[in-house]
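Each chain gets a letter, A, B and so on, in the order its sequence line appears, and its residues count up from 1.
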There are 2 protein chains.
Amino acid sequence: MYSRVMKATKDHLVEAAAELLWERGYAATSPAMIQKRSHAGQGSMYHHFSGKADLAVTAMRHSAGQLRLATETALDSGTTALERVGAYLDMERNPLAGCRVGRLVQDPDVVADDRLRAPVEEFFTWLQQRIADVLAEGVRSGELRPDTDVAAMASLVIATVQGGYVLARAQQDQAAFRRATQAAKSALVHLRA
Amino acid sequence: MYSRVMKATKDHLVEAAAELLWERGYAATSPAMIQKRSHAGQGSMYHHFSGKADLAVTAMRHSAGQLRLATETALDSGTTALERVGAYLDMERNPLAGCRVGRLVQDPDVVADDRLRAPVEEFFTWLQQRIADVLAEGVRSGELRPDTDVAAMASLVIATVQGGYVLARAQQDQAAFRRATQAAKSALVHLRA
DNA sequence: GTCTATAGTACGATAGAC
DNA sequence: GTCTATCGTACTATAGAC
């Protein structure tokens with residue numbers, strides 16, 4: 001029997017791992033760090049998970065799920081396609097922290113192991129399709145030009161966000177992120193029919 | 001006396017470190033790996049450099065310098081501003097390998113240490129200014145609209161490339177990178193006066 | 001389920017011979 | 001300048017008591 005309000009040690013481990021994966025990536029995060037942050041012992045971690053990789057996959061799915069929910073909310077807020085994609089670009093983010101999902105892609109161990117990469121790939125594949133769908137709806141409704149390459153524009157929007165994180169972290173300045181996303185919004189306006 | 005053709009052990013260390021930093025990042029690259037790839041012993045590395053961080057800074061400046069030269073070449077190839085920025089977007093790259101400079105920005109140890117972050121920050125600050133200058137010249141010559149926000153567009157172009165790497169690595173597909181850069185080129189066309 | 005103890009390996013760095 | 005030997009620490013994981 002699991003309580004609905006009390007969080008189990010397992011949940012604390014997953015959340016601590018998700019935080020550390022966000023902050024430090026996979027390779028630079030050690031089981032000891034996760035245990036310390038979640039106030040769990042060695043034994044607890046190895047009881048609930050087979051090892052670092054197993055816990056990381058669970059934590060990555062946790063992070064991707066959270067981000068997916070927040071993204072859905074943004075993409076559903078607004079009536080026109082440009083409003084909805086604009087809301088995605090304007091989502092509340094901490095540019096200096098980086099993307100909790102996208103940052104994992106730089107890790108050699110993550111890309112090398114299909115089990116570790118799967119949650120990341122699934123997230124971006126879903127996101128690409130989701131934004132392309134919103135744009136396609138805009139084309140169908142007559143809001144956007146009929147010759148709009150919705151797949152390419154979706155890639156541009158996502159790349160702008162991911163690249164914006166890189167610029168912000170490199171210069172330690174949130175403004176670098178905003179410059180990129182605002183420029184993307186300006187570019188989207190030209191898709192209007 | 002240093003020969004002009006024979007590479008010294010120090011150069012081998014720097015090049016091996018630059019490769020590994022590109023492939024694996026800072027935290028996941030160990031001195032032992034660098035020594036093995038450069039066929040140098042422990043003693044050689046610690047004779048020429050004070051430690052891992054010192055060698056890494058030298059290797060990062062080496063990588064940034066190479067990329068800066070290649071980028072200069074691209075930005076100088078073409079007559080119009082759109083051709084020159086387009087050449088930057090179309091530079092020969094391996095999207096699955098990631099950006100040798102941009103990837104370092106995800107490393108917590110790099111961002112935490114100003115000495116390690118400096119080469120990365122300098123590169124992106126230079127790149128941002130360089131692309132903004134090319135666009136500004138396009139505005140001045142009458143090629144681009146006078147109300148063009150050159151700083152924002154430069155950020156969009158750079159973010160597209162950096163984000164394109166993220167998409168390509170996440171999906172293990174070069175096409176994801178090309179979709180983003182081609183969409184950026186389409187967006188740039190709308191800047192025409 | 002959680003704890004402590006410990007395994008075996010690799011880490012980054014230093015010492016000292018040559 | 002380069003080598004081997006070694007330091008002390010941290011790594012990921014397992015064992016076995018409770």
Side-chain angles (χ1 to χ4, degrees), chain A residues 1-21 23-60 104 107-113 115-117, chain B residues 1-21 23-60 104 107-113 115-117:
Chain A
M1 278 291 270
Y2 295 102
S3 163
R4 228 176 284 164
V5 282
M6 274 294 288
K7 277 178 184 168
T9 302
K10 186 171 179 176
D11 296 327
H12 283 127
L13 280 162
V14 171
E15 278 164 24
E19 284 176 20
L20 284 161
L21 250 28
E23 294 167 18
R24 307 185 46 82
Y26 179 78
T29 296
S30 71
M33 290 175 194
I34 299 169
Q35 290 151 26
K36 194 173 179 184
R37 187 172 294 205
S38 63
H39 306 289
Q42 297 257 88
S44 296
M45 192 192 115
Y46 285 100
H47 170 75
H48 293 292
F49 302 96
S50 70
K52 176 183 174 178
D54 184 29
L55 171 49
V57 169
T58 303
M60 285 161 67
L104 298 163
D107 222 299
D109 299 340
V110 171
V111 174
D113 185 341
R115 281 209 194 86
L116 287 170
R117 190 173 57 84
Chain B
M1 279 289 269
Y2 294 102
S3 162
R4 228 175 287 162
V5 282
M6 273 293 287
K7 276 178 185 171
T9 303
K10 186 171 178 175
D11 296 327
H12 283 127
L13 279 161
V14 171
E15 278 164 25
E19 284 177 20
L20 284 161
L21 250 27
E23 294 168 17
R24 308 185 45 81
Y26 179 78
T29 296
S30 71
M33 289 175 194
I34 299 169
Q35 292 151 24
K36 193 172 180 185
R37 187 172 295 204
S38 62
H39 305 290
Q42 297 256 88
S44 297
M45 191 192 117
Y46 284 100
H47 171 75
H48 292 291
F49 302 94
S50 70
K52 177 183 173 179
D54 183 30
L55 172 49
V57 169
T58 303
M60 284 160 68
L104 298 164
D107 221 299
D109 299 340
V110 171
V111 175
D113 184 342
R115 282 209 195 87
L116 287 169
R117 188 172 58 84

Collect all protein-nucleotide pairs involving nucleotides 10-12 of chain D in which both atoms are nitrogen or oxygen and the distance is under 3.5 Å.
from, atom 1, to, atom 2, distance (Å)
D:dC11, OP1, A:Ser30, OG, 3.2
D:dT12, OP1, A:Lys52, NZ, 3.0
D:dT12, OP2, A:Pro31, N, 3.1

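Residues forming a salt bridge (Lys or Arg N to Asp or Glu O under 4.0 Å) with B:Arg115 (at least two apart in sequence, or on another chain): none. Residues passing the salt bridge (Lys or Arg N to Asp or Glu O under 4.0 Å) test with A:Arg24, sequence neighbours excluded: none. Looking at residues two or more places apart in sequence or on another chain, you find no salt bridge (Lys or Arg N to Asp or Glu O under 4.0 Å) involving A:Lys36.
Taking atom NE2 on A:His12 and atom P on C:dT2, their separation rounds to 11 Å, with Å as the unit. Rounded to whole angstrom, the span from the NZ atom of A:Lys10 across to the C1' atom of C:dT2 amounts to 15 Å. Atom CD of B:Gln35 is separated from atom P of D:dT2 by 12 Å (rounded to the nearest Å). Whole-Å rounding puts the B:Leu13 CG to D:dC3 P distance at 10 Å. Here C:dC11 presents its P atom at 12 Å from CE of B:Met45, a figure rounded to the nearest Å. Residue B:Leu55 contributes atom CG, which lies 10 Å from atom P of C:dA13 at whole-angstrom precision.
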List, one per line, each side-chain donor-acceptor pair under 3.5 Å for residues 11-20 of chain B, sequence neighbours excluded.
from, atom 1, to, atom 2, distance (Å)
B:Asp11, OD2, B:Ala8, N, 3.4
B:Glu15, OE2, B:Lys7, NZ, 3.4
B:Glu19, OE1, B:Arg37, NH1, 2.8

Under 3.5 Å, sequence neighbours excluded: what are the donor-acceptor pairs made by side chains of residues 42-55 of chain B?
from, atom 1, to, atom 2, distance (Å)
B:Gln42, OE1, B:Gln35, NE2, 3.1
B:Lys52, NZ, B:Tyr26, O, 3.1
B:Lys52, NZ, B:Thr29, O, 2.9
B:Asp54, OD2, B:Ser50, N, 3.0

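Side chain of B:Asp107 to backbone of B:Gly25: no donor-acceptor contact under 3.5 angstrom is found.
Contact annotation: A:His47 does not reach the phosphate of C:dC3 (side-chain N/O to OP1 or OP2, under 4.0 Å). Here B:Thr9 does not reach the OP1 or OP2 of D:dG1: none of its side-chain N or O atoms lies under 4.0 Å away.
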